[in-house]
Undergrad: 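Dropping the structure in here first, questions after.
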Amino acid sequence: QKEVEQNSGPLSVPEGAIASLNCTYSDRGSQSFFWYRQYSGKSPELIMFIYSNGDKEDGRFTAQLNKASQYVSLLIRDSQPSDSATYLCAVNIIGRGRANSKLTFGKGITLSVRP
Amino acid sequence: GAGVSQSPRYKVAKRGQDVALRCDPISGHVSLFWYQQALGQGPEFLTYFQNEAQLDKSGLPSDRFFAERPEGSVSTLKIQRTQQEDSAVYLCASSPGGGAGGYGYTFGSGTRLTVV
(Lines give C-alpha, C1' and ligand atoms only; values in the text may rest on other atoms or scores of the structure.)
Protein backbone atom coordinates (compact mmCIF):
# COMPACT_ATOMS: atom_id res chain seq x y z
CA GLN A 1 0.00 0.00 0.00
CA LYS A 2 1.37 3.39 -0.97
CA GLU A 3 1.74 5.93 1.82
CA VAL A 4 -0.58 8.42 0.12
CA GLU A 5 -3.23 7.23 -2.32
CA GLN A 6 -5.31 9.20 -4.74
CA ASN A 7 -7.11 6.57 -6.75
CA SER A 8 -10.02 8.40 -8.29
CA GLY A 9 -9.81 10.42 -11.48
CA PRO A 10 -9.60 11.96 -13.86
CA LEU A 11 -12.57 14.01 -12.73
CA SER A 12 -14.76 16.14 -14.97
CA VAL A 13 -17.39 18.52 -13.60
CA PRO A 14 -19.48 21.28 -15.19
CA GLU A 15 -18.77 24.91 -14.39
CA GLY A 16 -20.44 25.94 -11.14
CA ALA A 17 -20.55 22.42 -9.69
CA ILE A 18 -18.81 21.13 -6.58
CA ALA A 19 -15.66 19.10 -7.24
CA SER A 20 -14.74 16.55 -4.56
CA LEU A 21 -11.18 15.20 -4.46
CA ASN A 22 -10.24 12.40 -2.10
CA CYS A 23 -7.04 11.09 -0.55
CA THR A 24 -6.14 8.37 1.96
CA TYR A 25 -2.89 7.88 3.85
CA SER A 26 -1.34 4.96 5.69
CA ASP A 27 0.83 6.48 8.43
CA ARG A 28 -1.28 7.11 11.54
CA GLY A 29 1.50 9.35 12.88
CA SER A 30 0.97 11.88 10.08
CA GLN A 31 0.28 15.29 11.53
CA SER A 32 -0.32 17.76 8.74
CA PHE A 33 -1.94 17.49 5.36
CA PHE A 34 -1.65 19.60 2.27
CA TRP A 35 -3.31 20.15 -1.06
CA TYR A 36 -1.21 21.42 -3.93
CA ARG A 37 -2.47 22.47 -7.35
CA GLN A 38 -0.31 21.85 -10.40
CA TYR A 39 -1.11 23.31 -13.79
CA SER A 40 0.25 21.49 -16.80
CA GLY A 41 3.96 22.23 -17.22
CA LYS A 42 4.13 24.18 -13.98
CA SER A 43 5.35 23.39 -10.47
CA PRO A 44 3.01 22.55 -7.57
CA GLU A 45 1.58 25.46 -5.59
CA LEU A 46 0.15 25.17 -2.10
CA ILE A 47 -3.56 25.93 -1.83
CA MET A 48 -4.59 24.53 1.57
CA PHE A 49 -3.24 22.79 4.65
CA ILE A 50 -5.06 21.23 7.59
CA TYR A 51 -3.98 19.74 10.92
CA SER A 52 -7.13 19.10 12.90
CA ASN A 53 -10.09 16.83 12.35
CA GLY A 54 -12.99 18.55 10.69
CA ASP A 55 -13.31 21.17 8.00
CA LYS A 56 -11.19 24.16 7.07
CA GLU A 57 -12.58 26.67 4.62
CA ASP A 58 -10.72 29.19 2.48
CA GLY A 59 -12.84 30.94 -0.12
CA ARG A 60 -14.23 28.36 -2.53
CA PHE A 61 -12.00 25.62 -1.10
CA THR A 62 -12.75 23.37 1.88
CA ALA A 63 -10.32 20.79 3.22
CA GLN A 64 -11.76 17.97 5.31
CA LEU A 65 -9.73 15.70 7.58
CA ASN A 66 -10.77 12.50 9.34
CA LYS A 67 -7.78 11.04 11.17
CA ALA A 68 -9.69 7.99 12.41
CA SER A 69 -10.43 7.00 8.82
CA GLN A 70 -7.05 8.33 7.57
CA TYR A 71 -8.85 10.34 4.96
CA VAL A 72 -8.46 13.88 3.68
CA SER A 73 -10.48 15.56 0.98
CA LEU A 74 -10.72 18.84 -0.90
CA LEU A 75 -14.00 20.36 -2.00
CA ILE A 76 -14.05 23.09 -4.63
CA ARG A 77 -17.32 24.99 -4.74
CA ASP A 78 -18.54 26.91 -7.80
CA SER A 79 -15.88 25.24 -9.94
CA GLN A 80 -14.38 27.42 -12.66
CA PRO A 81 -12.54 26.41 -15.86
CA SER A 82 -9.44 27.99 -14.29
CA ASP A 83 -9.59 25.29 -11.60
CA SER A 84 -8.71 22.70 -14.25
CA ALA A 85 -5.41 21.25 -13.04
CA THR A 86 -3.91 18.28 -11.21
CA TYR A 87 -4.47 18.30 -7.46
CA LEU A 88 -1.82 16.67 -5.31
CA CYS A 89 -2.47 15.46 -1.79
CA ALA A 90 0.60 15.55 0.48
CA VAL A 91 1.15 14.26 3.98
CA ASN A 92 3.83 15.31 6.44
CA ILE A 93 5.63 12.09 7.33
CA ILE A 94 7.68 12.49 10.48
CA GLY A 95 11.03 10.76 10.18
CA ARG A 96 13.60 10.66 12.94
CA GLY A 97 12.18 13.66 14.73
CA ARG A 98 10.14 16.61 13.57
CA ALA A 99 13.16 18.27 12.00
CA ASN A 100 13.40 15.38 9.55
CA SER A 101 9.83 15.56 8.38
CA LYS A 102 9.12 15.64 4.68
CA LEU A 103 6.07 15.69 2.48
CA THR A 104 4.98 12.52 0.75
CA PHE A 105 2.75 13.07 -2.26
CA GLY A 106 0.02 11.11 -3.94
CA LYS A 107 0.04 10.73 -7.71
CA GLY A 108 -2.56 13.45 -8.13
CA ILE A 109 -6.07 13.75 -9.52
CA THR A 110 -6.65 15.62 -12.75
CA LEU A 111 -9.71 17.88 -12.62
CA SER A 112 -11.37 19.25 -15.72
CA VAL A 113 -14.07 21.90 -15.36
CA ARG A 114 -16.29 22.10 -18.45
CA PRO A 115 -17.55 25.58 -19.42
CA GLY B 1 15.46 35.81 -3.47
CA ALA B 2 11.71 36.15 -3.66
CA GLY B 3 11.14 32.56 -4.72
CA VAL B 4 12.93 29.27 -5.27
CA SER B 5 15.03 29.52 -8.41
CA GLN B 6 16.13 26.52 -10.45
CA SER B 7 18.42 26.29 -13.43
CA PRO B 8 18.56 25.25 -16.14
CA ARG B 9 14.86 25.22 -16.94
CA TYR B 10 15.38 22.50 -19.54
CA LYS B 11 18.27 20.11 -20.06
CA VAL B 12 18.79 17.57 -22.80
CA ALA B 13 21.55 15.09 -22.09
CA LYS B 14 22.94 12.24 -24.11
CA ARG B 15 22.84 8.91 -22.37
CA GLY B 16 25.99 8.53 -20.28
CA GLN B 17 26.55 12.26 -19.86
CA ASP B 18 26.83 13.87 -16.42
CA VAL B 19 24.46 16.70 -15.50
CA ALA B 20 24.26 19.24 -12.68
CA LEU B 21 21.03 20.92 -11.64
CA ARG B 22 21.05 24.01 -9.48
CA CYS B 23 18.62 25.24 -6.83
CA ASP B 24 18.69 28.62 -5.12
CA PRO B 25 16.17 28.53 -2.25
CA ILE B 26 14.26 31.40 -0.68
CA SER B 27 16.71 33.50 1.28
CA GLY B 28 17.01 32.36 4.88
CA HIS B 29 15.17 29.09 4.38
CA VAL B 30 16.78 26.38 6.48
CA SER B 31 15.39 23.31 4.76
CA LEU B 32 15.86 22.31 1.15
CA PHE B 33 14.30 19.31 -0.60
CA TRP B 34 14.81 17.67 -3.98
CA TYR B 35 12.00 15.73 -5.67
CA GLN B 36 11.73 13.85 -8.94
CA GLN B 37 8.45 13.96 -10.85
CA ALA B 38 7.86 11.55 -13.70
CA LEU B 39 5.13 12.28 -16.22
CA GLY B 40 1.68 11.67 -14.76
CA GLN B 41 3.01 10.97 -11.27
CA GLY B 42 3.32 12.92 -8.05
CA PRO B 43 6.67 14.25 -6.86
CA GLU B 44 8.89 11.55 -5.34
CA PHE B 45 11.28 12.51 -2.53
CA LEU B 46 15.00 12.33 -3.30
CA THR B 47 16.90 14.08 -0.53
CA TYR B 48 16.70 16.71 2.20
CA PHE B 49 19.14 19.26 3.62
CA GLN B 50 18.92 21.24 6.81
CA ASN B 51 21.40 24.05 6.30
CA GLU B 52 24.49 22.30 4.89
CA ALA B 53 23.74 18.92 6.48
CA GLN B 54 22.18 16.24 4.31
CA LEU B 55 19.83 14.62 6.81
CA ASP B 56 17.98 12.26 4.51
CA LYS B 57 19.08 10.82 1.17
CA SER B 58 16.88 7.76 1.30
CA GLY B 59 15.10 8.65 -1.94
CA LEU B 60 18.17 8.85 -4.19
CA PRO B 61 17.58 6.02 -6.69
CA SER B 62 21.20 5.01 -7.18
CA ASP B 63 24.76 5.99 -6.43
CA ARG B 64 24.74 7.92 -9.69
CA PHE B 65 22.75 10.62 -7.89
CA PHE B 66 24.56 13.01 -5.60
CA ALA B 67 23.45 16.24 -3.94
CA GLU B 68 25.27 18.91 -2.00
CA ARG B 69 24.60 22.20 -0.27
CA PRO B 70 28.05 23.21 0.95
CA GLU B 71 27.27 26.64 2.39
CA GLY B 72 23.72 26.03 3.46
CA SER B 73 22.13 28.02 0.65
CA VAL B 74 22.47 26.98 -3.01
CA SER B 75 22.20 23.26 -3.70
CA THR B 76 23.31 21.16 -6.66
CA LEU B 77 21.88 17.81 -7.70
CA LYS B 78 24.33 15.88 -9.84
CA ILE B 79 23.46 12.85 -11.93
CA GLN B 80 26.34 10.85 -13.33
CA ARG B 81 26.17 8.65 -16.42
CA THR B 82 22.57 9.61 -17.13
CA GLN B 83 20.13 6.92 -18.25
CA GLN B 84 16.82 7.26 -20.07
CA GLU B 85 14.91 6.42 -16.89
CA ASP B 86 16.37 9.58 -15.34
CA SER B 87 14.18 11.67 -17.67
CA ALA B 88 11.82 13.60 -15.40
CA VAL B 89 11.20 16.99 -13.88
CA TYR B 90 13.46 17.67 -10.91
CA LEU B 91 11.82 19.94 -8.36
CA CYS B 92 13.52 21.81 -5.57
CA ALA B 93 11.59 23.11 -2.56
CA SER B 94 12.50 25.05 0.54
CA SER B 95 10.91 25.74 3.91
CA PRO B 96 11.82 28.24 6.62
CA GLY B 97 12.21 25.83 9.54
CA GLY B 98 13.46 22.34 10.14
CA GLY B 99 11.79 19.73 7.99
CA ALA B 100 8.57 20.31 6.11
CA GLY B 101 7.20 22.11 9.12
CA GLY B 102 3.57 22.87 9.60
CA TYR B 103 3.14 24.96 6.49
CA GLY B 104 4.53 22.81 3.71
CA TYR B 105 7.05 24.27 1.36
CA THR B 106 7.50 26.35 -1.76
CA PHE B 107 8.59 24.73 -5.00
CA GLY B 108 10.80 26.12 -7.70
CA SER B 109 9.83 25.94 -11.37
CA GLY B 110 11.75 22.71 -11.83
CA THR B 111 14.30 21.43 -14.33
CA ARG B 112 12.96 19.19 -17.07
CA LEU B 113 15.66 16.64 -17.89
CA THR B 114 15.42 14.63 -21.06
CA VAL B 115 17.97 11.89 -21.66
CA VAL B 116 18.30 10.85 -25.30
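Naming convention: chains lettered A, B, ... in sequence-line order (proteins, then strands); numbering from 1 in each chain.
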Undergrad: Counting only non-hydrogen atoms closer than 4.5 Å, does A:Gln38 touch chain B with its backbone (N, CA, C, O), its side chain (CB onward), both, or neither?
TA: side chain
Undergrad: Using every non-hydrogen atom in the two residues, find where B:Leu91 and A:Ser43 come nearest and quote the distance to one decimal.
TA: CD2-CB, 4.0 Å
Undergrad: How long is the span from the OG1 atom in A:Thr104 to the CZ atom in B:Phe45, to the nearest 0.5 Å?
TA: 8.5 Å
Undergrad: Report yes or no: do A:Ile109 and A:Val4 belong to one cluster of Ile/Leu/Val/Met/Phe/Trp/Tyr joined by side chain heavy-atom distances under 4.5 Å?
TA: yes
Undergrad: Does atom CZ of B:Arg64 have more than 12 heavy-atom neighbours from other groups under 6.0 Å away?
TA: yes
Undergrad: Considering only heavy atoms from C-beta outward, does the side chain of A:Leu103 approach that of B:Phe33 to under 4.5 Å?
TA: no
Undergrad: Does the Lys NZ or Arg CZ of A:Lys102 fall within the cation-pi geometry relative to B:Tyr48 - under 6.0 Å from the ring centre and within 45° of the axis?
TA: no
Undergrad: Would you say A:Val91 and A:Ile47 are hydrophobically clustered, going by side-chain heavy atoms of ILVMFWY under 4.5 Å?
TA: yes
Undergrad: Go through B:Phe107 and A:Leu46 one step at a time and tell me if the side chain to side chain contact (heavy atoms under 4.5 Å, CB included) criterion holds.
TA: CA-CA 9 Å; B:Phe107 282 96; A:Leu46 180 65; over 6 Å; no
Undergrad: Please check if atom NZ in B:Lys57 has more than 12 non-hydrogen atoms from other residues, nucleotides or ligands closer than 6.0 Å.
TA: no
Undergrad: Kindly work out whether a path of hydrophobic side-chain contacts (I/L/V/M/F/W/Y, heavy atoms less than 4.5 Å apart) joins B:Phe65 to B:Tyr35.
TA: no
Undergrad: Does A:Phe61 share a hydrophobic cluster with A:Leu11, counting links as ILVMFWY side-chain heavy atoms below 4.5 Å and allowing steps through other members?
TA: yes
Undergrad: Working to the nearest 0.5 angstrom, can you tell me the gap between A:Phe34 CZ and B:Tyr105 OH?
TA: 8.5 Å
Undergrad: Please check if the number of heavy atoms outside B:Glu71 that lie under 6.0 Å from its CD is greater than 12.
TA: no
Undergrad: Out of curiosity, A:Phe105 CZ to B:Gln41 CD, how far, rounded to the nearest 0.5 Å?
TA: 13.5 Å
Undergrad: Heavy atoms only, distances under 4.5 angstrom: which of B:Pro43, B:Gly59, B:Ala93, B:Gly110 has the most pairs with chain A? Name it, please.
TA: B:Pro43
